[in-house]
Amino acid sequence: MVTIRKKYGILLVSIFVLSVISLNLIMDKFFDKSFKELVAQDMKEIYNISFKNLDDYFALNSIEKDNIKKEDFDSKIMKFIADRANTQGVFYDIEGEVISTGLTNSSVVDLNIFKDLPPSFYETKNNKTMVDIENKNGTILGKLSIPIYSSNNQLGVLVLIKDYTSDYLRDLNIKKLLNIIVTTLFALIFLSIYVFSSRITKPIIVLKNKLLEVSKGSYPEKINNTSKDEVGILVDSFNEMTEKLKTKDQQEKNFYRNITHELKTPLTNISGYAQILNEDDFNDVDFKRNALNRIIAESDRMHELVMSLLNISKQSSDLEEYSFEKVNIKNIAQELIEIKNPIIKNKNLNIITKFEMEEIIGNKQYLKMLFNNLIDNGIKYSYENTTIEIQIEEVDKNCEFSIMTTGKTIPIELKEKIFEPFVRVEEKGFSSKESSGLGLYICKNIVIGHKGEITLDLNKDKSKFIVKLPKD
């Protein structure tokens, strides 16, 4: 098995090698660009000097600039320009043949530099002044190619050559020195990281062993943590995770126990009534009618419970994959109120609506389920001849849906637990059998899936459910 420490070592060596290579590439590009800019700037000054001195030469030798000839560019004029520009010079005709040269120091100049035409020579023939940088056997040369015209006729190309080897070597030495410094610094940094990595791996090994215990279904004791760094945060997160897992595990056990109980009761009733009805000498018509009604009621109750469980199961799988779109929640709320209008009239309820927002981004199917559960509960558990207030408004850049009712009193101790599964409120006049105890649990899951929150405000027999959802 490759240990974490070995992985650290491999990773650090890889990063070190890649860093050094990347650094060299970056520095190469930087110094190359810097050197080219140096040559270009220097050549620009040489260009200005050469043309000024060329005009001076023409004036001193009574040569008309517009009537100059190719023969005028002899070694004298080339020497004159080269001395003042501190360069070597050569004049080529348009075919690339050497017409004349100007040397500032012929004893130290390799005359072979005049044999090869500059790379941009033919571009210069199109009336472009060009700068080239060439490496001739370790000698770095800058070549300034200038087109020469007389009465709009091109006579040839003036090339001024300067040796930049010393500048190039200076930059090269600086780059090498920087490479050594940075490489040494990187090596020390990565070595230090590798040494200190052993301090990190120790608590990680402890975490690994504890995680193995969790994977086997047991929940270990909390890990003592005195560290405040990232590993300490990881340990705290692990401790928090195990506590949540223990709580969730207990909740799931309670959930399934409740499901068993919820299914067992109607099944027992259905089975009992069915056995009585199946007796050969049974002929009580009234009991038979009541028994059949009871069987139907218990079957409906089981069907509602199963559908609720299916919704919860689907929500669990859809939670991270909600397909969101623009949803007109105002229309949804109005449609649901209209559908429940017969029950509203039967209980003589007064519905007051205030819809200031119409659209949000969400999942239409689940938002409709959310509002349906809340509105249905509000109507079901309201006292007769009372008012229900339903509002949709914008609060702090969020959409806030609220429904306030007067009716079934929710004890203050159930304010938070009311959103847990199978929690019911018992009160005279309201049967707990009317509810599966999962409606508000489903609502909470839908709100969480939309990254919102649902709360309950209580004031004696007044209950106000508030749902806050992001608009976008």
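Along the sequence shown, residues carry numbers from 1. Everything numeric here is computed off the predicted structure, so don't read it as measured data. Both backbone and side-chain heavy atoms feed into the values below; hydrogens, waters and symmetry mates do not.
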Verdict with supporting geometry, Met369 and Ile446, side-chain contact (heavy atoms from CB on, under 4.5 Å): CA-CA 8 Å; Met369 188 184 300; Ile446 293 173; 3.9 Å; yes
Where do Ile329 and Glu358 land on the side-chain contact (heavy atoms from CB on, under 4.5 Å) test, with the steps shown first? CA-CA 6 Å; Ile329 53 176; Glu358 292 190 9; over 6 Å; no
Does Leu336 form a side-chain contact (heavy atoms from CB on, under 4.5 Å) with Gln334? I'd like the steps, not just the answer. CA-CA 6 Å; Leu336 291 171; Gln334 289 175 334; over 6 Å; no
Walk me through whether Thr87 and Ile46 qualify under side-chain contact (heavy atoms from CB on, under 4.5 Å). CA-CA 8 Å; Thr87 62; Ile46 290 173; 3.7 Å; yes
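Closest non-hydrogen pair, Thr124 versus Gln154, comes out as O-NE2, 4.0 Å. Minimum interatomic distance between Cys443 and Ile454 (heavy atoms only, all atoms of both residues): CB-CD1, 4.3 Å. Here the shortest heavy-atom pairing between Pro147 and Thr129 reads CD-OG1, 3.7 Å. Here the shortest heavy-atom pairing between Leu141 and Tyr164 reads C-CD1, 4.5 Å. In plain terms, the two heavy atoms of Leu374 and Ile403 that are nearest each other are O-CD1, 3.7 Å. Shortest non-hydrogen contact noted between Met357 and Ile360 is CE-CG2, 3.9 Å.
At least one donor-acceptor pair closer than 3.5 Å links the side chain of Asn328 to the backbone N or O of Lys330. At distances below 3.5 Å, at least one donor-acceptor pair connects side-chain atoms of Ser150 with backbone N or O atoms of Ile68. A donor-acceptor pair under 3.5 Å is absent between the side-chain atoms of Asn372 and the main chain of Lys368, judged by distance alone. Checked by atom type and distance alone, the side chain of Ser19 pairs as donor or acceptor with a backbone atom of Ile15 at under 3.5 Å. For the pair Asp55 (side chain) and Lys52 (backbone), a donor-acceptor distance under 3.5 Å is absent. Panel note: side chain Thr165, backbone Ile140; a donor-acceptor pair is recorded below 3.5 Å. For the pair Ser100 (side chain) and Phe73 (backbone), a donor-acceptor distance under 3.5 Å is present.
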Under 3.5 Å donor-acceptor pairs involving side-chain atoms of residues 175-186, not counting sequence neighbours:
from: Lys175; atom 1: NZ; to: Asp28; atom 2: OD1; distance (Å): 2.3
from: Asn179; atom 1: ND2; to: Asn24; atom 2: OD1; distance (Å): 2.7
from: Thr183; atom 1: OG1; to: Asn179; atom 2: O; distance (Å): 2.5
from: Thr184; atom 1: OG1; to: Ile180; atom 2: O; distance (Å): 2.7

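The salt bridge (charged side-chain N to carboxylate O under 4.0 Å, His left out) check on Glu134 picks up Lys136, Lys143, with sequence neighbours excluded. Applying the side chain to side chain donor-acceptor pair (under 3.5 Å) criterion to Lys36, with sequence neighbours excluded, gives Asp32. The ring pair (Phe, Tyr, Trp, His ring centres under 6.0 Å) check on Phe355 picks up nothing, with sequence neighbours excluded. Partners of Glu393 by side chain to side chain contact (heavy atoms under 4.5 Å, CB included), not counting sequence neighbours, listed by chain and number: Glu356, Gln391, Val395, Glu400. For Lys364, there are no side chain to side chain donor-acceptor pair (under 3.5 Å) partners, not counting sequence neighbours. Under the rule for a side chain to side chain donor-acceptor pair (under 3.5 Å), Asp74 has no partner lying at least two apart in sequence or in another chain. Checked against salt bridge (charged side-chain N to carboxylate O under 4.0 Å, His left out), Lys462 has no partners two or more places apart in sequence or in another chain. Residues forming a side chain to side chain donor-acceptor pair (under 3.5 Å) with Ser120 (at least two apart in sequence, or on another chain): Asp132. Every ring pair (Phe, Tyr, Trp, His ring centres under 6.0 Å) that Phe80 has, sequence neighbours left out, goes to Tyr57.
Checked against the 6.0 Å centroid threshold, Tyr92 and Phe121 count as a close aromatic pair. Residues His450 and Phe324 bring their aromatic ring centres within 6.0 Å. The aromatic ring centroids of Phe35 and Phe31 lie 6.0 Å or more from each other.
The local environment of NZ in Lys340 is crowded, with over 12 non-hydrogen atoms from other residues, nucleotides or ligands closer than 6.0 Å. Within a 6.0 Å radius of CZ in Phe30, other residues, nucleotides and ligands contribute 12 heavy atoms or fewer. Other residues, nucleotides and ligands place no more than 12 heavy atoms under 6.0 Å from the CD atom of Glu64.
No side-chain heavy atom of Leu469 sits less than 4.5 Å from a side-chain heavy atom of Phe401. The closest side-chain heavy-atom distance from Thr405 to Tyr381 is not below 4.5 Å. Using a 4.5 Å heavy-atom cutoff, the side chains of Ile379 and Ile388 are in contact. Put simply, the side chain of Leu349 does not reach to within 4.5 Å of the side chain of Thr387, judged on heavy atoms. At a threshold of 4.5 Å between non-hydrogen side-chain atoms, the residues Phe465 and Asp457 do not count as touching. Annotation: side chain of Asp93 is in contact with side chain of Lys70 (closest heavy-atom distance under 4.5 Å). In this structure, the side chains of Thr101 and Phe91 stay at 4.5 Å or more apart for every pair of heavy atoms. Contact annotation: the side chain of Met27 never approaches that of Leu25 to less than 4.5 Å [non-hydrogen atoms, C-beta and beyond].
Annotation: the span from Met404 atom CE to Ile466 atom CD1 amounts to 10.0 Å, rounded to 0.5 Å. With rounding to the nearest 0.5 angstrom, the CD1 atom of Ile375 is 4.5 Å from the CD1 atom of Ile390. Here the CG atom belonging to Asn48 is positioned 13.0 Å from the CE atom belonging to Met43, to the nearest 0.5 angstrom. Leu456 CG to Leu458 CG: the interatomic distance, rounded to the nearest 0.5 Å, is 4.0 Å. Atoms CG and OH, on Asn373 and Tyr441 in that order, are 14.0 Å from each other to the nearest 0.5 Å. Rounded to the nearest 0.5 angstrom, Asp56 CG and Ile81 CD1 are separated by 10.5 Å.
Here salt bridge (charged side-chain N to carboxylate O under 4.0 Å, His left out) pairs that include residues 81-90, with residues two or more places apart or in two chains, are Lys79-Asp83. Listed by first and then second residue, the salt bridge (charged side-chain N to carboxylate O under 4.0 Å, His left out) pairs that reach into residues 145-174 are Asp42-Lys162, Asp167-Arg170, sequence neighbours excluded.
Side-chain N/O atoms of Lys464 and Asn459 include no donor and acceptor closer than 3.5 Å.
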